[in-house]
Trainee: 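Mind looking over this structure? Questions follow.
Remember, it's a predicted structure, so these values are computed and weren't measured experimentally.
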Amino acid sequence: MRRGRILAVLMLITGISLMAFAGIRLRETQEAYKEGDTAYTDLRERVKGKSAPAPANSARMQAQYAYASTGFAAEIPLQDIDFQALRRINPDSAAWLYCPDTVIDYPVMAAEDYSYYLDHLPDGRWNANGSLFIDFNTASDFSGPLTVIYGHHMRSGKMFGGLDGYKKQGYFKQHPYLFLYTEEESYRIELVYGCVIGAGQWRDRAFMYAENLASLLAYAAYHTTFQSSVSYEEGDRFVALATCSYEFDDARYIVIGVLR
């Protein structure tokens, strides 16, 4: 009996300790996410001015974001981004990615590997939010046939967490375009496909390489989660946005668009 009581007490103490540890880790994680969100807010205030208003003849499209279903091409929203200031913060800064009426409003880093920007902010601080970054196998100036941008799928919906929306046709109709800005050019990304794929299959089929672009597009077309009326032809450039997904272990969700 005495031994049983001692064992019960030890189990209780262990359980309480584990709960306390889990609580501490949860609080630390929440604080890290909050720190990352604050860092991105501060960064936008430092490098972005006020966006110019949409031209009057595109007001309805700008308000409703229904361009794909109407057949109209979207005006590219004017964004006042100080790229020199952004590069002073981090020379790896390559672009800015923006999707109206969503949380996607972030700088894009030119990475040298797959690991650093998974847990580092653009200013170099360690943080679980990480940064959006370009696959180093693709052209960081978006001049190649394919550019792949990775980002975390945050539970808060931040970073690329919102890409989940493209698993539903209704969300695509509301957000058929993203916009990409570099110091030289401003682009409209016209979305064509969204697909779930295993990370192993992504690697084994080397879909991040431009020479496998046709195979990637064929796979995405067959497995797409939304239907788009956007057409493309040989010579077009593509951007693929990649994040984690949870349909199965090590799943990824890829959203692909044509760069205009």
Side-chain angles (χ1 to χ4, degrees), residues 18 21-22 25-26 28-30 32-33 36-37 68 97 99 102-104 106 108-109 111 113-120 126-138 145-178 189-228 230 232 238-258:
L18 290 173
F21 178 75
R25 291 300 302 271
L26 177 61
E28 290 176 346
T29 299
Q30 291 174 337
Y33 290 165
D37 292 344
L97 185 66
C99 185
T102 76
V103 300
I104 297 179
Y106 297 111
V108 181
M109 303 293 112
D113 55 39
Y114 287 125
S115 61
Y116 182 79
Y117 285 113
L118 286 176
D119 52 18
H120 284 82
W126 185 95
N127 189 272
N129 284 268
S131 303
L132 303 187
F133 65 95
I134 298 170
D135 190 308
F136 61 89
N137 296 293
T138 62
L146 173 66
T147 303
V148 181
I149 302 175
Y150 298 103
H152 278 308
H153 183 287
M154 306 299 292
R155 291 182 179 179
S156 64
K158 299 298 178 63
M159 308 307 292
F160 273 173
L163 292 183
D164 257 359
Y166 288 105
K167 295 175 182 178
K168 296 181 179 179
Q169 186 70 19
Y171 187 87
F172 163 72
K173 287 184 177 180
Q174 292 178 330
H175 308 92
Y177 300 113
L178 287 88
I189 303 175
E190 301 181 354
L191 300 183
V192 289
Y193 305 124
C195 63
V196 176
I197 186 172
Q201 188 175 10
W202 172 266
R203 290 190 298 268
D204 292 345
R205 300 185 65 171
F207 279 151
M208 73 289 293
Y209 290 101
E211 54 262 37
N212 296 322
L213 175 59
S215 296
L216 171 60
L217 294 176
Y219 177 95
Y222 186 79
H223 296 279
T224 189
T225 57
F226 60 82
Q227 300 299 319
S228 170
V230 174
Y232 53 86
F238 292 83
V239 173
L241 312 177
T243 192
C244 291
S245 196
Y246 301 101
E247 286 77 5
F248 50 85
D249 289 344
D250 224 14
R252 299 290 183 267
Y253 186 55
I254 315 296
V255 176
I256 301 172
V258 187

Trainee: Who passes side-chain contact (heavy atoms from CB on, under 4.5 Å) against Asp113, sequence neighbours left out?
Mentor: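 Only Ser115, Tyr116 meet the side-chain contact (heavy atoms from CB on, under 4.5 Å) criterion with Asp113.
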Trainee: Strictly distance-based, threshold 3.5 Å: is any side-chain N or O of Gln169 a donor or acceptor partner for the main-chain N or O of Gln227?
Mentor: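 Yes, because the side chain of Gln169 sits within donor-acceptor range (under 3.5 Å) of the backbone of Gln227.
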Trainee: With sequence neighbours left out, which residue pairs that include part of residues 213-225 fulfil the side chain to side chain donor-acceptor pair (under 3.5 Å) condition?
Mentor: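 Sorted pair list: Thr225-Tyr253.
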Trainee: Could you list all the salt bridge (Lys or Arg N to Asp or Glu O under 4.0 Å) pairs where at least one residue sits in residues 246-255, not counting sequence neighbours?
Mentor: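 Residue pairs with at least one partner in residues 246-255: Lys167-Glu247, Asp250-Arg252.
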Trainee: Run the ring-ring contact (aromatic ring centres under 6.0 Å, His included) test against Phe238 and tell me which residues pass, sequence neighbours left out.
Mentor: Tyr232
Trainee: What residues, two or more places apart in sequence or in another chain, satisfy ring-ring contact (aromatic ring centres under 6.0 Å, His included) together with Tyr193?
Mentor: none
Trainee: Who passes ring-ring contact (aromatic ring centres under 6.0 Å, His included) against His153, sequence neighbours left out?
Mentor: Tyr246
Trainee: Go through the structure and list residues passing side chain to side chain donor-acceptor pair (under 3.5 Å) with Tyr166, not counting sequence neighbours.
Mentor: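 Tyr166 satisfies side chain to side chain donor-acceptor pair (under 3.5 Å) with no residue once adjacent residues are dropped.
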Trainee: Could you work out, with ring-ring contact (aromatic ring centres under 6.0 Å, His included) as the rule, every residue matching Tyr114, not counting sequence neighbours?
Mentor: Phe136, Tyr150
Trainee: By side-chain contact (heavy atoms from CB on, under 4.5 Å), which residues pair with Ser156, not counting sequence neighbours?
Mentor: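 Met154, Lys158.
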Trainee: Is the backbone N or O of Gly161 less than 3.5 Å from a side-chain atom of His152, with the two atoms forming a donor-acceptor pair by type?
Mentor: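 No: the side chain of His152 does not pair with the backbone of Gly161.
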Trainee: Who passes side-chain contact (heavy atoms from CB on, under 4.5 Å) against Ala111, sequence neighbours left out?
Mentor: Tyr117, Phe133
